[in-house]
**Student:** 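Mind looking over this structure? Questions follow.
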Amino acid sequence: MSVPIIIDCDPGHDDAIAILLAAGDPAIDLLAITTVAGNQVVEKTTLNARRICTAAAITDVPIAAGCARPLVGTRYVAADVHGDSGMDGPSFGEPTVSAVSEHAVDLMYRLLTGHPEPVVLVPTAPLTNIALLLIRYPEVTRHIREIVLMGGSTERGNRTPAAEFNMYADPEAADIVFRSGLPLTMCGLNVTHQALATPDVLARFEGLGTELGGICVELMTYFGATYRKLWGFDAPPLHDPVAVARVIDAAIVHCAEASVAVELRGQHTRGATVVDLHRHPDRPVNAQVALSLDRERFWDRIVTAVGRLGERADRADRAPRADP
Ligand code: RIB
Ligand code: CA
């Protein structure tokens, strides 16, 4: 039985792979892709969602653009990590997959309330759209099974020494989500840094022999170059697919109960996720926090999903066009 999800993302190299995993793995029923300002401005993250869906022939999943700025603070983008386009590296043609005109928050509300069972939200970006959904439509919570997000960290950050980018980009939105009372799983840097796209992983994508597999290699090669330059990584961590993998098979991502609070005021710590893994009466448990990753099963699911989508897309490209 596939799990219905909505991905809220800011493509973004790793968001793109997360979309492919969600669309290509039979354990997931991808209801929609919503976009938000994060790695780049929302116009670019939306265009990138359209680009990756066009490349993968994902034509039956609505894409809706969401918030262009955080709830309160300054808008930051991560052009240093993802490039000016937000998904530098591969050259994409003009996308044939379009976005709907409906705002992301309204699309999420309509799909959530119209679905026969509660839906899992998988945010892999700043939480602005999710927070706004909960503010605008508070009754929607009964239609949300769980929030499984990429963001935060049990240890240090990446945008600042204390704060991970998705949390740092909109701490007030993150605070609203973490205090919502909804079942929540946090896949932070402490676990996503175990999802390294090492040369043997890139070779598996190359070995698929599909155009989409080649695009993934180009995405991870670019991402790897910026991670080497900025943080001295030997291979890029594919953050966002970890959240999708947790939904696909909980055994791939080991979690523990924790109390998580988002710092809003610290001069040097704003956006930090303050995680207490030890039960304390003053800090009630409000999240499952991911601690370790089964790398082999993680990459097996992603390579298989990309292979499935890539072969289908290449067959569609080779199919004779109907006479106009
Ligand atoms: O800190 C990593 C997160 O920030 C990932 O979601 C990446 O795509 C960026 O949005
Ligand atoms: Ca992201």
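Reckoned from all heavy atoms, side chains included, excluding hydrogens, waters and symmetry mates. In listed order, ligands and their atoms are each counted from 1.
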**Student:** Return the closest protein heavy atom for atom 4 (O) of ligand 1 as residue, atom name and distance.
**Tutor:** Asn166 OD1, 3.3 Å
**Student:** Please round to the nearest 0.5 Å and tell me the distance separating atom CZ of Arg50 and atom CD1 of Ile58.
**Tutor:** 14.0 Å
**Student:** Apply side-chain contact (heavy atoms from CB on, under 4.5 Å) to Tyr137 and Asp106, showing your working.
**Tutor:** CA-CA 9 Å; Tyr137 302 109; Asp106 297 326; 2.7 Å; yes
**Student:** Could you work out, for atom 3 (C) of ligand 1, the closest of Gln40, Glu164, His193, His239 by heavy-atom distance?
**Tutor:**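 Selected option, by shortest heavy-atom distance: Glu164.
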**Student:** With a 6.0 Å cut-off on ring centres, are Phe298 and His239 close enough?
**Tutor:** no
**Student:** So that I can tick it off, tell me whether Asp234 and Arg228 are bridged by a salt bridge, with the cut-off set at under 4.0 angstrom between side-chain N and carboxylate O.
**Tutor:**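 No salt bridge links Arg228 with Asp234.
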**Student:** Of all the atoms in ligand 1, which lie at a distance below 4.0 Å from a heavy atom belonging to Asp15?
**Tutor:** 8 (O)
**Student:** Provide, to 0.1 Å, the distance between atom 6 (O) of ligand 1 and the closest protein heavy atom, together with that atom's residue and name.
**Tutor:**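 For atom 6 (O) of ligand 1, the nearest protein heavy atom is Asp240 OD1, 2.6 Å.
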**Student:** Report the distance from atom CG of Leu291 to atom CE of Met186, rounding to the nearest 0.5 Å.
**Tutor:** 9.0 Å
**Student:** For Asp10, counting its heavy atoms only, list the atoms of ligand 1 lying under 4.0 Å from any of them.
**Tutor:** 8 (O), 10 (O)
**Student:** For atom 7 (C) of ligand 1, find the nearest protein heavy atom and state the residue, atom name and distance (0.1 Å precision).
**Tutor:** Asp14 OD2, 3.3 Å
**Student:** What protein heavy atom sits nearest atom 9 (C) of ligand 1, and how far away is it?
**Tutor:**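 Checked against all protein heavy atoms, atom 9 (C) of ligand 1 sits closest to Asn39 OD1, 3.1 Å.
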**Student:** How many angstroms lie between atom CG of Leu219 and atom CG of Asp14, to the nearest 0.5 angstrom?
**Tutor:** 10.0 Å
**Student:** Flag the pair Arg159 and Asp80 as a salt bridge only when some basic side-chain nitrogen lies within less than 4.0 angstrom of an acidic carboxylate oxygen.
**Tutor:** yes
**Student:** Step by step, work out the ring-ring contact (aromatic ring centres under 6.0 Å, His included) result for His82 and Tyr222.
**Tutor:** CA-CA 8 Å; His82 296 272; Tyr222 181 92; 8.3 Å; no
**Student:** Give me the atom names and distance for the closest heavy-atom approach of Ala169 to Pro70.
**Tutor:**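 Minimum heavy-atom separation between Ala169 and Pro70: O-CB, 3.4 Å.
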**Student:** Which count of protein N, O or S atoms is obtained for distances strictly below 3.0 Å from the Ca ion (ligand 2)?
**Tutor:**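 Count of protein N, O, S atoms less than 3.0 Å from the Ca ion (ligand 2): 5.
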**Student:** With a cut-off of 4.0 Å, which atoms of ligand 1 are near a heavy atom of Asn158?
**Tutor:** 1 (O), 2 (C)
**Student:** Shortest non-hydrogen contact from Pro26 to Arg308?
**Tutor:** CD-NH1, 3.2 Å
